[in-house]
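The next block holds one structure in the form of structure tokens; read it before the comments.
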Amino acid sequence: MSRIDQRFARLGGRRPALVPYLAAGDPDPESTVPLMHGLVAAGADLIELGVPFSDPMADGPVIQAACERALAHGTDLDTVFELMARFRRDDDETPVVLMGYMNPIERYRPERFLKRAAEAGVDGVLIVDLPPEEAAVFNQAARKSGLDQIFLISPTTTERRIRMICELASGFVYYVALKGITGASHLVATEVGAALDRIRAQTRLPVGVGFGIKTARDAAQLALWADAVVVGSALIERIAAAERSRAVAAAGAFLEPIRDALVEAAARRKRAAVQ
């Protein structure tokens, strides 16, 4: 059983997993590992670690700026793996998923990428621009390397593609709550709930929700439906606005109320179920 499977099994559906996104190398490589540990201390159940890339397709301006800062510091895949291995020296339990794009992986070579990722203690990969129709070879290699492959499902994904994605996916499935980029607005929880019902008709995997979740209130609204809540742009904004020496504290101060909101929402749901 992978770390991702173990974490969701430990939560047992009592509340959604809290999944913060962090761009590796932002605000600088030396800050990444302390930030990862700080996020865990603040309540993160799983970390989504972004691989900086110069030409993202799904990331909004906040995460694009974070990746540009990381690239300016020379953060590449070797750096990401080094940071990941450093994190694993003190934390062998928290699952970590790398999120990125195929271009850096192709340049690095997929086989080498998967080998280094597994050696560094990575648990899963989410490749935004690798569609399921072209993912079979990489997916098989990832499984052989012991890595889960997480796929995105959007509001416009057809039933046929949902079924295809669910057949390939492991770890969990990631639902994009909005038609847009990361950090967009206009999140409607009831619409997300209906979409998650459609996905769960095709898979027993946990279903996480991301894009557009900015506040504890947003997270609490989704706690009725989601198995995981992903928070990215709003967290990156807090880190970017803080003094370098206060970045870890700022990240924790942002994440803790969201964790509390998820716990409280789960408690309310439990109380309502027994009344």
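Values reported hereafter were calculated over all heavy atoms of this structure, with side chains retained and with hydrogens, waters and symmetry mates removed. Sequence positions, counted from 1, serve as the residue numbers for this chain. Note that the structure is predicted; figures quoted are calculated from it, not measured.
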Worked check of side chain to side chain contact (heavy atoms under 4.5 Å, CB included) between L46 and F172: CA-CA 11 Å; L46 187 153; F172 65 97; 4.1 Å; yes
Are more than 12 heavy atoms from other residues, nucleotides or ligands located less than 6.0 Å from atom CZ of R246? no
Please find the pair of heavy atoms, one from A66 and one from D26, that lie closest to each other, and give the distance. CB-OD2, 3.3 Å
Side chains of F138 and L114 in contact at under 4.5 Å (non-hydrogen atoms): yes
Using the rule given for side chain to side chain contact (heavy atoms under 4.5 Å, CB included), can you reason through D59 versus F53, listing the C-alpha separation, both sets of side-chain angles and the distance that settles it, and then say yes or no? CA-CA 10 Å; D59 297 316; F53 178 51; over 6 Å; no
Given side chains that start at C-beta, do those of V209 and W225 come closer than 4.5 Å, heavy atoms only? no
Which heavy-atom pair separates I150 from G124 by the least distance, and what is that distance? CD1-CA, 4.3 Å
To the nearest 0.5 Å, how far apart are CD1 in I165 and OG1 in T158? 8.0 Å
What are the two closest heavy atoms between L205 and A169, and how far apart are they? CD1-O, 3.5 Å
Single-linkage hydrophobic cluster M102~V125, side-chain heavy atoms < 4.5 angstrom: yes
To the nearest 0.5 Å, what is the distance between CG on D55 and CG on N103? 7.5 Å
Are V230 and I213 close enough, and set up right, to give a side chain to side chain contact (heavy atoms under 4.5 Å, CB included), and what steps lead you there? CA-CA 7 Å; V230 185; I213 301 169; 5.6 Å; no
Of the non-hydrogen atoms in L35 and A251, which two are nearest, and what is the gap between them? CD2-CB, 4.0 Å
For P16 versus A223, what's the shortest heavy-atom pair and its separation? CG-CA, 3.7 Å
If Ile, Leu, Val, Met, Phe, Trp and Tyr residues are connected whenever their side-chain heavy atoms lie under 4.5 Å apart, and connections chain through other members, are L71 and F81 in the same group? no
Side chain to side chain, V33 and R89, heavy atoms closer than 4.5 Å: no
Let me confirm one number: the CG-CD distance from L126 to E48, rounded to the nearest 0.5 Å. 6.0 Å
Applying side chain to side chain donor-acceptor pair (under 3.5 Å), which residue pairs with at least one partner in residues 118-130 are found, sequence neighbours left out? R3-D123, R88-D123, K115-E119
Are M164 and V207 connected, step by step, through hydrophobic side chains (Ile, Leu, Val, Met, Phe, Trp, Tyr) whose heavy atoms are closer than 4.5 Å? no
At their closest point, which heavy atom of P56 faces which heavy atom of Q64, and how far apart are they? CG-CG, 3.5 Å
Gap separating the CG atom of D218 from the CD1 atom of I258, nearest 0.5 angstrom: 8.5 Å
Gap separating the CZ atom of F151 from the CD atom of E167, nearest 0.5 angstrom: 11.0 Å
Check the pair I162 / V173 against side chain to side chain contact (heavy atoms under 4.5 Å, CB included), numbers first and verdict last. CA-CA 10 Å; I162 290 174; V173 176; over 6 Å; no
Are the side chain of R7 and the backbone N or O of D45 linked by a donor-acceptor pair below 3.5 Å? yes
Please tell me whether V128 and I236 are part of a single hydrophobic cluster in this structure, the criterion being side-chain heavy atoms less than 4.5 Å apart. yes
Parallel, tilted or perpendicular, as decided by the 30° and 60° cut-offs, for the rings of Y108 and F113: perpendicular
Within-4.5 Å side-chain heavy-atom neighbours: T75 and T32: no
Under a 4.0 Å threshold between the charged nitrogen and the carboxylate oxygen, would R107 count as salt-bridged to D76? no
According to the side chain to side chain donor-acceptor pair (under 3.5 Å) rule, which pairs have a member within residues 132-143, sequence neighbours left out? E133-R161, N139-R143, N139-Q149
Approximate separation, where rounding is to 0.5 Å, of R116 CZ and M84 CE: 12.5 Å
Between E256 (side chain) and G43 (backbone), is there a donor-acceptor pair under 3.5 Å? no
Heavy-atom side-chain contact between V96 and M36 under 4.5 Å: yes
In terms of hydrophobic clustering (I, L, V, M, F, W, Y; side-chain heavy atoms under 4.5 Å; direct or indirect links), are F211 and V62 co-clustered? yes
Please check this pair: side chain of S145 against backbone of L147, looking for a donor-acceptor N/O pair closer than 3.5 Å. no
Counting C-beta onward and ignoring hydrogens, is there a side-chain heavy-atom pair between I153 and Q202 closer than 4.5 Å? no
Can you tell if the side chain of V97 reaches within under 4.5 Å of the side chain of I4, non-hydrogen atoms only? yes
